[in-house]
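Worksheet: the structure to be examined is printed underneath.
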Number of protein chains: 2
Amino acid sequence: MIKEIPLKQANEPNVFLKEYESKFKALADEKRLQIMYELTQRGNTCVCDLTEIVDMPQSKLSYHLKILLDAGIITKETRGTWSYYEINQTEVSRILSEQLCCIFKPARNDGSDCC
Amino acid sequence: MIKEIPLKQANEPNVFLKEYESKFKALADEKRLQIMYELTQRGNTCVCDLTEIVDMPQSKLSYHLKILLDAGIITKETRGTWSYYEINQTEVSRILSEQLCCIFKPARNDGSDCC
DNA sequence: AGATTAAATCAAAAAAAATTGATTAAATGA
DNA sequence: TCATTTAATCAATTTTTTTTGATTTAATCT
């Protein structure tokens, strides 16, 4: 029963952990990853187009978009009756490795490819 | 209804997505992140010690360890009646950003700090 | 104003994941 | 051999998440 690190200290990072839990929860769904992929490929996209692209009923898509939005992984902009969603490149980069850039990060504008 | 990218092509990366879904699912739990944190800090650790460290009933810990193991995020080594678990640094680096290294990646042996 | 469209919200049902306590399997030691 | 220890597994329950279809809200258009 060797414990070099005191229990108290070890329990401290729980604040961080709770925050990351919600980020990873948002990422932990194939449909949401697909939405992220499409937003990455297409850039700023209207919900009305996205329902067809990901082939999902409107209320279901809305539910998943909200989860990604609340986690800060995507951003939303409303124009009139339309809502446009975009990937939050900054947040994605904060969480994910370089190796995942081809799938979930927009292509670089300098023409270089990262994987 | 603008769709520059054909639907067929857009649906192709679903194979990748399903794989990442299970990785992120494994990460999407505060208790599992805590287990990962402790394994990162302590290195190779026996389950018998871990139950005290993370303050969890044995069967519960075993359940969460299995999820992390199946996702390839940790590795297991059995010696006699004991099981020792260790963080899989390679896999963690494959998924997570450099910024998350302090929490979920072992400290570098060259003494440099990454965040 | 009245009709139409886009998208969020709601409540109920279904599905998936986590917890619990007990049991099992395998290795160790007296 | 028999008792003990470690850790995985199991089945039942609880909790959480997702899905579904209907409703609501708000903006636009005639």
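Being a predicted model, the structure only gives us computed values, none of them experimental. We name chains A, B, ... by the order of the sequence lines, and we start the count at 1 in each one.
- K25(B) places its NZ atom 12 Å from the P atom of dT17(D), with the value rounded to the nearest Å.
- Per the geometry, CG belonging to L61(B) stands 13 Å off P belonging to dT20(C), to the nearest Å.
- If you measure from atom CG of L68(A) to atom P of dT18(D), you get 10 Å, rounded to the nearest angstrom.
- A donor-acceptor contact shorter than 3.5 Å links the side chain of T45(A) to the backbone of G43(A).
- Between F24(B) and F24(A), the ring planes lie parallel to each other; the angle is under 30°, not in the 30° to 60° tilted range.
- Taking for each of S62(B) and D29(A) the nucleotide of DNA chain D with the nearest heavy atom, the 5'-most of the two is the partner of S62(B).
- A side-chain donor-acceptor contact under 3.5 Å links S93(B) to the backbone of Q89(B).
- Straight-line distance from the CZ atom of F24(B) to the P atom of dA17(C): 16 Å, rounded to whole Å.
- Rounded to whole Å, the distance from CD on E30(A) to C1' on dT18(D) is 14 Å.
- Using a 4.0 Å heavy-atom distance criterion, R32(A) is classed as a sugar-phosphate-only contact.
- Nearest nucleotide to the side chain of K66(A), out of dA7(C), dT9(C), dA18(C): dT9(C).
- K76(B) has no side-chain polar atom (N or O) that falls below the 4.0 Å cut-off from OP1 or OP2 of dA7(D).
- Look at CG on L50(B): it is 11 Å from P on dA8(D), rounded to the nearest Å.
- At the phosphate of dT20(D), OP1 or OP2 sits under 4.0 Å from a side-chain N or O atom of K60(A).
- Contact check, K31(A) against dT19(D): a side-chain N or O comes under 4.0 Å of OP1 or OP2.
- OP1 and OP2 of dA8(C) both lie 4.0 Å or more from every side-chain N or O belonging to S59(A).
- Regarding contacts with the backbone of dT17(D), every side-chain N or O of H64(A) stays at 4.0 angstrom or more from both OP1 and OP2.
- Residue-level contact check: I67(B) touches the backbone only, with heavy atoms under 4.0 Å from sugar-phosphate atoms and none from bases.
- Of the possible polar contacts, one joining the S97(B) side chain to the R94(A) backbone as a donor-acceptor pair under 3.5 Å is found.
- Spacing between atom OH of Y63(B) and atom P of dA16(C) amounts to 13 Å, rounded to whole angstrom units.
- The separation between L65(B) atom CG and dT9(D) atom P is 11 Å, rounded to whole Å.
- Using a 4.0 Å heavy-atom criterion, one finds that Y85(A) contacts the sugar-phosphate atoms exclusively.
- Residue I67(B) is not grouped with residue V92(B) when hydrophobic side chains (ILVMFWY) are merged at heavy-atom distances under 4.5 angstrom, including chains of intermediate members.
- Both T81(A) and Q58(A) lie near DNA chain D, and the one whose nearest nucleotide falls closer to the 5' end is Q58(A).
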